[in-house]
Protein chains: 2
Amino acid sequence: MGKPSDLLQGTLEMLVLRTLENGPQHGWAIARRIQQTSGDVLQVQQGSLYPALHRLERMGAVTATWRPSETGRQARFYSLTPAGERRLEKERAQWRRLSAAVDLVIEGAKA
Amino acid sequence: MGKPSDLLQGTLEMLVLRTLENGPQHGWAIARRIQQTSGDVLQVQQGSLYPALHRLERMGAVTATWRPSETGRQARFYSLTPAGERRLEKERAQWRRLSAAVDLVIEGAKA
DNA sequence: TCCCATGCCTCGATTATCTACACATCTTTA
DNA sequence: TAAAGATGTGTAGATAATCGAGGCATGGGA
């Protein structure tokens, strides 16, 4: 059960933005969804998630409103902004480029 | 020209160990080789490389000796130890697992 | 002579993440 | 009824890898 640290720094924001492409969600649901979608490989710590959400809000990539959740409790729902979508696209492209580059190095034939 | 930070933290050690699978090399050559092998996408900063090399040496994953380089100058050649090989295998497996998980999340179908 | 490539290294700052908490409500279980 | 667990948001302090910028030294070419 690897933590999104280890080598995934900076990737958390991308994961969060990507999850919000499916529509507005509150923090707890975002964390759960990432874990599920990744086949239980990635788990997002609350101490990383909320600061990341606040960063994204400060930079205008997401907006947030208080609304009752499915269970009737008050929860903070985050939505992607156009700026957030653009940011996601950039980070996604960056990820593809860099992870492909790492693969080239580590999977390449010896000698 | 992405920096191996951005999302590659912790990956540097793996890249270095992988490069040493091709035989002993000095720091400068390791950096150059990673850059070449990655198709000029990854570039290793000296301020990251040497601390990483020293960490790996302290933990016994590599050994180092001074020898003249191809150009005749004294250089510090690093070699993989058995412990380093084991570490590389673990990190390589970890990388595959986690990068595949990230791909699952970000490439998955919407909704 | 001056510059550039080679080659090693350190220092301070940045920054995201982690662990571990605190707080609140609602539901389930003993 | 009381305890426990799930839901849900958040902060505080510490950690640690990386970065940028610099220093130092040698050798070769212009």
Side-chain angles (χ1 to χ4, degrees), chain A residues 1-17 24-36 42-59 61-62 64-78 91 94-95 98 102, chain B residues 1-17 24-36 42-59 61-62 64-78 91 94-95 98 102:
Chain A
M1 196 69 117
K3 306 157 235 156
S5 74
D6 298 6
L7 50 83
L8 294 178
Q9 303 217 22
T11 309
L12 178 57
E13 284 182 11
M14 175 176 66
L15 260 15
V16 168
L17 292 176
Q25 286 163 80
H26 54 260
W28 196 88
I30 293 172
R32 190 183 40 187
R33 193 172 240 284
I34 290 176
Q35 183 165 344
Q36 288 173 348
L42 269 19
Q43 57 176 343
V44 181
Q45 309 301 327
Q46 303 185 343
S48 309
L49 176 67
Y50 291 108
L53 246 13
H54 299 161
R55 274 199 308 277
L56 289 169
E57 191 179 2
R58 265 202 312 279
M59 62 175 79
V62 302
T65 55
W66 285 98
R67 292 212 318 259
S69 79
E70 318 79 43
T71 68
R73 258 175 273 214
Q74 282 300 107
R76 197 146 170 80
F77 279 77
Y78 291 89
E91 293 190 357
Q94 170 97 325
W95 163 260
L98 294 183
V102 171
Chain B
M1 196 67 118
K3 307 157 232 157
S5 74
D6 298 6
L7 49 82
L8 294 178
Q9 301 217 25
T11 309
L12 178 57
E13 284 181 10
M14 175 177 67
L15 260 15
V16 168
L17 293 175
Q25 286 163 79
H26 55 261
W28 197 89
I30 293 172
R32 189 183 41 186
R33 193 171 239 283
I34 290 176
Q35 182 165 345
Q36 287 174 347
L42 269 18
Q43 57 177 342
V44 180
Q45 309 301 327
Q46 301 189 343
S48 309
L49 177 66
Y50 291 108
L53 246 12
H54 298 160
R55 275 200 307 278
L56 289 169
E57 191 179 2
R58 265 201 311 278
M59 63 175 77
V62 303
T65 55
W66 286 98
R67 292 212 318 260
S69 79
E70 319 78 44
T71 67
R73 260 176 270 213
Q74 283 301 106
R76 197 145 171 80
F77 280 77
Y78 290 89
E91 294 191 356
Q94 169 97 326
W95 163 260
L98 294 183
V102 171

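Every chain is numbered from 1 and lettered A, B, ... according to where its sequence line falls, protein lines coming before strand lines.
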Nucleotide N/O of nucleotides 21-26 of chain D paired with protein N/O under 3.5 Å:
residue: dT26(D); atom: O2; partner: Arg73(B); partner atom: NH1; Å: 2.4

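For Trp28(B), the side-chain atoms get nearest to dG7(C) when compared with the rest of dT9(D), dG7(C), dC19(D). The side chain of Arg76(A) sits closest to dG10(D) out of dG8(D), dG7(C), dG10(D). For His26(B), counting side-chain heavy atoms from C-beta on, the closest listed nucleotide (dC8(C), dT18(D), dT17(C)) is dC8(C).
Between Ser48(A) and Glu70(A), the residue anchored closer to the 5' end of DNA chain D is Glu70(A), taking for each the nucleotide with the nearest heavy atom.
The side-chain hydrogen bond (donor to acceptor under 3.5 Å, both in side chains) check on Gln74(A) picks up nothing, with sequence neighbours excluded. Considering only residues two or more places apart in sequence or on other chains, Gln46(B) meets the side chain to side chain contact (heavy atoms under 4.5 Å, CB included) condition with Trp28(B), Tyr50(B). Taking the salt bridge (charged side-chain N to carboxylate O under 4.0 Å, His left out) definition, one finds that Arg55(B) meets it with Glu13(B), sequence neighbours left out. For the side-chain hydrogen bond (donor to acceptor under 3.5 Å, both in side chains) test, no residue two or more places apart in sequence or in another chain qualifies with Gln36(B).
A straight line from CG of Leu53(B) to C1' of dT18(D) spans 15 Å, rounded to a whole angstrom. Met59(B) has its CE atom 11 Å from the P atom of dA16(D), to the nearest Å. A straight line from CZ of Arg67(B) to C1' of dC8(C) spans 16 Å, rounded to a whole angstrom.
Between Val44(A) and Ile30(A) the shortest side-chain heavy-atom distance does not fall below 4.5 Å.
Between Thr71(A) and dG8(D) there is a side-chain N or O to OP1 or OP2 distance below 4.0 Å. Side-chain N/O atoms of Tyr50(B) include none lying less than 4.0 angstrom from OP1 or OP2 on dC9(C). For Ser69(A), a side-chain nitrogen or oxygen approaches OP1 or OP2 of dG8(D) to under 4.0 Å. Taking side-chain N and O atoms only, His54(A) has a distance below 4.0 Å to OP1 or OP2 of dT11(D). Within the 4.0 Å cut-off from OP1 or OP2 of dT17(C), at least one side-chain nitrogen or oxygen of Arg55(A) is found.
Annotation: salt bridge (Lys or Arg N to Asp or Glu O under 4.0 Å) contacts involving residues 64-74 of chain B, sequence neighbours excluded, are absent.
Leu17(B) and Glu91(B) get closest at one heavy-atom pair: CD1-OE1, 4.5 Å.
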